[in-house]
Peer 1: 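Right, I'll just put the structure down here and ask away after.
When a ligand or atom number is given, it counts from 1 through the structure's own listing order.
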Amino acid sequence: MSNYVFSFGPWNIHEGADPFGPTVRDSIEFDRKLEQYKKLGFDGVQFHDDDAVPKMNDMSKEQIIAEASAVKKKLDQHGLKAEFVAPRLWEDPRTIDGGYTSNDPNCRKYAVERSLRCIDIAKALGTDLIVFWLAREGTYIRESKDSVVAVRRIADAINAMFDYDGKIRIAIEAKPNEPMDHTFIPTIGHAIGLGMLTKDASRVGCVIESAHAILAGLDPSDEMGYALAHKKLWTVHLNDQNGLKFDQDKTFGAVDLRRAFNQVRILEKHGYADDGHMVGLDVKAMRTQKADDAMRHLSNSRAIFLRLLEKARSFDTKLEADLIAQRNYEALEMYVINHLLGD
Ligand code: GLO
Ligand code: MG
């Protein structure tokens, strides 16, 4: 039996627009999306702040909390739990050149204030976890920002959030590029290191997205291992990625099953689910997918995870230990391949 609880965000059910073409599927209302979660095998909902409260920029703090509380009721009705809330700091005109690292003090102020409202929403939804995908905290032209100042500014924003609320935790989702050319927090080592610049490193952890690690030229399971060693892996964004190109958010395991197996294996081996963490997905349907089956990437990713979990659990660890002791890595490699192929 699996003790794993799965989550995804409403943006994972989407209309298929890309930078070169319009939407190809009708949009589905948030409430209709919520109805799908359990059917697809998911119990957790990941949020951007404005997934919960779309017009939050035009509302008072009290109005925002009231609207988020109404969303919490809907979650309860469906038996769902909010896993985290992320401030969406990449669409507003004030975040064109970044939020926390913008050179304009008014834009930085907006970014911090928006993040405090994001905390209000998280609390109303019943979660203490905030995710930072630092989309535009980087540069297109290196000389445009001072990287020392920029990193300190991100830490200052975290401190302001910690001052505002004594309980919230922040999980940083590292990504090396896209939409920016270079970001200030490209890998999990950077994310964990950033925590040390804040007033309470124990409240800063991370989210590992498989595709983001691959875009940084790293192995996602090693990134996970690094975070697990620090007890900082607070959620994951599993997906897959075909080499160094745009962020593809493909179905988990669809490109490289062995790489996916190693992610499942490290999570299973080190009790990730037992520590109460959810298995989050960040996957997109292909643009070519017809609307009537445009959620299959979610249930497929979950099914692939669970099949790989069986493979992780039935892996012959005695044989593995013997082969490692003999330093017979060729034999170990063949065993891994045979095991994955079902022999
Ligand atoms: C984009 C990110 C994005 C975040 C989401 C949650 O590359 O993966 O989807 O995960 O906005 O903050
Ligand atoms: Mg992600």
Side-chain angles (χ1 to χ4, degrees), residues 6-19 30 33 42 44-54 56 82-92 95 98-100 111 114-115 117-119 121-122 125 127 129-138 154 157-158 161 168-188 191 204-216 218 220 223-224 227 233-242 244-252 263 277-285 297-298 301:
F6 294 86
S7 65
F8 70 86
W11 63 91
N12 285 287
I13 301 173
H14 67 107
E15 300 83 5
D18 71 16
F30 177 74
K33 290 182 183 179
F42 291 78
V45 184
Q46 309 176 345
F47 284 89
H48 295 122
D49 47 9
D50 58 4
D51 290 324
V53 185
M56 61 182 289
E83 186 193 13
F84 67 69
V85 185
R88 199 196 301 263
L89 288 175
W90 51 92
E91 290 186 354
D92 193 272
T95 58
Y100 312 128
R114 167 93 180 213
S115 306
R117 296 295 77 76
C118 176
I119 294 174
I121 293 172
L125 292 175
T127 177
L129 191 60
I130 303 290
V131 160
F132 262 23
W133 173 45
L134 298 166
R136 299 195 190 276
E137 312 302 353
I154 303 173
I158 293 176
M161 294 170 76
I168 55 123
R169 298 173 297 140
I170 295 180
I172 299 175
E173 183 176 345
K175 185 176 182 184
N177 61 283
E178 200 201 37
M180 307 307 286
D181 184 9
H182 292 289
T183 68
F184 293 119
I185 310 295
T187 71
I188 286 313
V204 181
C206 58
V207 184
I208 292 180
E209 174 159 327
S210 323
H212 298 180
I214 296 162
L215 286 170
L218 301 171
E223 284 280 86
M224 289 175 187
L233 190 55
W234 295 347
T235 185
V236 289
H237 264 176
L238 300 184
N239 57 20
D240 215 344
Q241 171 73 25
N242 228 337
L244 299 181
K245 52 181 88 171
F246 63 94
D247 184 10
Q248 295 185 298
D249 296 338
K250 287 169 89 72
T251 291
F252 179 58
Q263 293 170 66
H277 304 304
M278 292 192 195
V279 174
L281 296 172
D282 199 0
V283 288
K284 291 213 168 65
H297 58 302
L298 290 156
S301 292

Peer 1: Main chain of T251, side chain of H297: is a donor-acceptor contact present, judged purely on distance under 3.5 Å?
Peer 2: no
Peer 1: Quick one, W11 and D282 - any side-chain contact, counting heavy atoms below 4.5 Å?
Peer 2: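 Yes, close enough: below the 4.5 Å cut-off.
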Peer 1: Only counting residues at least two apart or in another chain, list the ones meeting side chain to side chain contact (heavy atoms under 4.5 Å, CB included) with T127.
Peer 2: A82, V85, A122, L129
Peer 1: So I208 and L233, do their side chains get closer than 4.5 Å, heavy atoms only?
Peer 2: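 Of all side-chain heavy-atom pairs linking I208 with L233, at least one is under 4.5 Å.
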Peer 1: Between ligand 1 and the protein, which N/O pairs are shorter than 3.5 Å?
Peer 2:
| unit_1 | atom_1 | unit_2 | atom_2 | d |
| --- | --- | --- | --- | --- |
| ligand 1 | 7 (O) | K175 | NZ | 2.8 |
| ligand 1 | 7 (O) | H212 | NE2 | 3.1 |
| ligand 1 | 7 (O) | D247 | OD2 | 3.0 |
| ligand 1 | 8 (O) | E173 | OE2 | 2.8 |
| ligand 1 | 8 (O) | E209 | OE1 | 2.7 |
| ligand 1 | 8 (O) | H212 | NE2 | 3.3 |
| ligand 1 | 8 (O) | D282 | OD2 | 2.9 |
| ligand 1 | 9 (O) | D282 | OD2 | 2.8 |
| ligand 1 | 10 (O) | E173 | OE1 | 2.7 |
| ligand 1 | 10 (O) | E173 | OE2 | 2.8 |
| ligand 1 | 10 (O) | H237 | ND1 | 3.1 |
| ligand 1 | 10 (O) | D282 | OD2 | 3.0 |
| ligand 1 | 11 (O) | H48 | NE2 | 2.6 |

Peer 1: Side chain to side chain contact (heavy atoms under 4.5 Å, CB included) for I130 and S115? Distances and angles first, verdict last.
Peer 2: CA-CA 9 Å; I130 303 290; S115 306; over 6 Å; no
Peer 1: Are W133 and H48 an aromatic pair, judged by ring center distance below 6.0 Å?
Peer 2: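 Ring centres of W133 and H48 not closer than 6.0 Å.
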Peer 1: Do R114 and D50 sit within salt-bridge range, that is, some charged N less than 4.0 Å from a carboxylate O?
Peer 2: yes
Peer 1: side-chain hydrogen bond (donor to acceptor under 3.5 Å, both in side chains) with E91: which residues, sequence neighbours excluded?
Peer 2: none
Peer 1: Tell me the protein N, O or S atoms under 2.8 Å from the Mg ion (ligand 2), in chain and number order.
Peer 2: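 Correct list: E173 OE2, E209 OE1, H237 ND1, D282 OD2.
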Peer 1: Taking E209 for its side chain and P220 for its backbone only, find out whether a donor-acceptor pair lies under 3.5 Å.
Peer 2: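 Side chain of E209 to backbone of P220: no pair is present.
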